[in-house]
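One-based numbering along the sequence shown.
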Amino acid sequence: CVGVQRVARHPQRSERNACESRDTGAELFTPLGRVTHMGPIGTGQLTKLANQIIVGGTLLAVAEAFTFARAGGAELAAVRTALSGGFTDSTVLRQHGERMVNQDYVPGSPSLQQLENLRTAHAQARAMSVDLELLPLLERTFAAMSVSGRGGQDVAAIFEHVADRSRGTRPNQEEAP
């Protein structure tokens, strides 16, 4: 999904009218993916941050589900295969779940970047007086990952963080970066 924002071609138009215009040159961006008008200026950024909340929450859910299954003796590759294609199927389960199964945490998307995105989303939520439950938990979780030395690893390393926590191994609770 590509959000397109542009400056009004006609300064005499109001910002509201300029944002409602669908003549954004979106066809130029079609090769990059689906172009979607999000709303007024700034809503593309809000959508990006909403995506980060969903991705972070899904990463945590997959990590906890895998930790739960492994603790019961299940083979993670089989669990991932069984869950793929069903109601819980997602790109996160397929791609990052595979990285969790293989313990491949070479950064494609570093955990520290996810933390920064979550912090930005949380600051924006506070600025909009929106009280969310999952977002602060995700922010704390990714901050703890950074404190434990996993900030440079891929976001899939959340699996190791959850596994450590479930075993009672807690990282040093210093101030997160």
Going from CD1 on Ile54 to OG1 on Thr58, what distance comes out if it is rounded to the nearest 0.5 angstrom?
7.0 Å
Please report the interatomic distance CD1(Ile158) to CZ(Phe66), rounded to the nearest 0.5 Å.
12.5 Å
Check for me, please, whether Leu137 and Leu132 land in the same ILVMFWY cluster - side-chain distances under 4.5 Å, paths through other members count.
yes
Show, in sequence, the C-alpha distance, side-chain angles and deciding distance for Glu64 and Arg165, and conclude whether the side chain to side chain contact (heavy atoms under 4.5 Å, CB included) test is met.
CA-CA 10 Å; Glu64 289 198 350; Arg165 221 182 54 227; 3.1 Å; yes
Hey, could you give me each pair passing side chain to side chain donor-acceptor pair (under 3.5 Å) that has a residue in residues 75-91? Not counting sequence neighbours.
Asp89-Arg94
Once salt bridge (charged side-chain N to carboxylate O under 4.0 Å, His left out) is applied, what residue pairs with a partner in residues 132-159 remain, sequence neighbours excluded?
Arg99-Asp154, Arg119-Glu139, Arg150-Asp164
Out of curiosity, does Leu135 fall in the hydrophobic cluster containing Met128 (side-chain heavy atoms, cut-off under 4.5 Å, transitive links)?
yes
Using a 3.5 Å distance criterion without hydrogens, assess whether the side chain of Ser111 forms a donor-acceptor pair with backbone atoms of Gln153.
yes
Can you tell me how far NE2 of His161 sits from CG of Leu60, rounded to the nearest 0.5 angstrom?
8.0 Å
Atom CG in Leu112, atom CG in Asn117: separation rounded to 0.5 Å?
10.0 Å
From Leu76 atom CG to Asn102 atom CG, the distance as rounded to the nearest 0.5 Å
10.0 Å
Applying a strict under-4.5 Å side-chain criterion to I, L, V, M, F, W and Y, I'd like to know whether Met38 and Leu49 cluster together.
no
In Å, rounded to the nearest 0.5 Å, how long is the span from CG of Leu59 to CZ of Phe142?
5.0 Å
Would you say Glu160 and Gln103 make side-chain contact, with heavy atoms under 4.5 Å?
yes
Counting only N and O atoms by type, is there a donor-acceptor contact under 3.5 Å from the side chain of Gln52 to the main-chain atoms of Gln114?
no
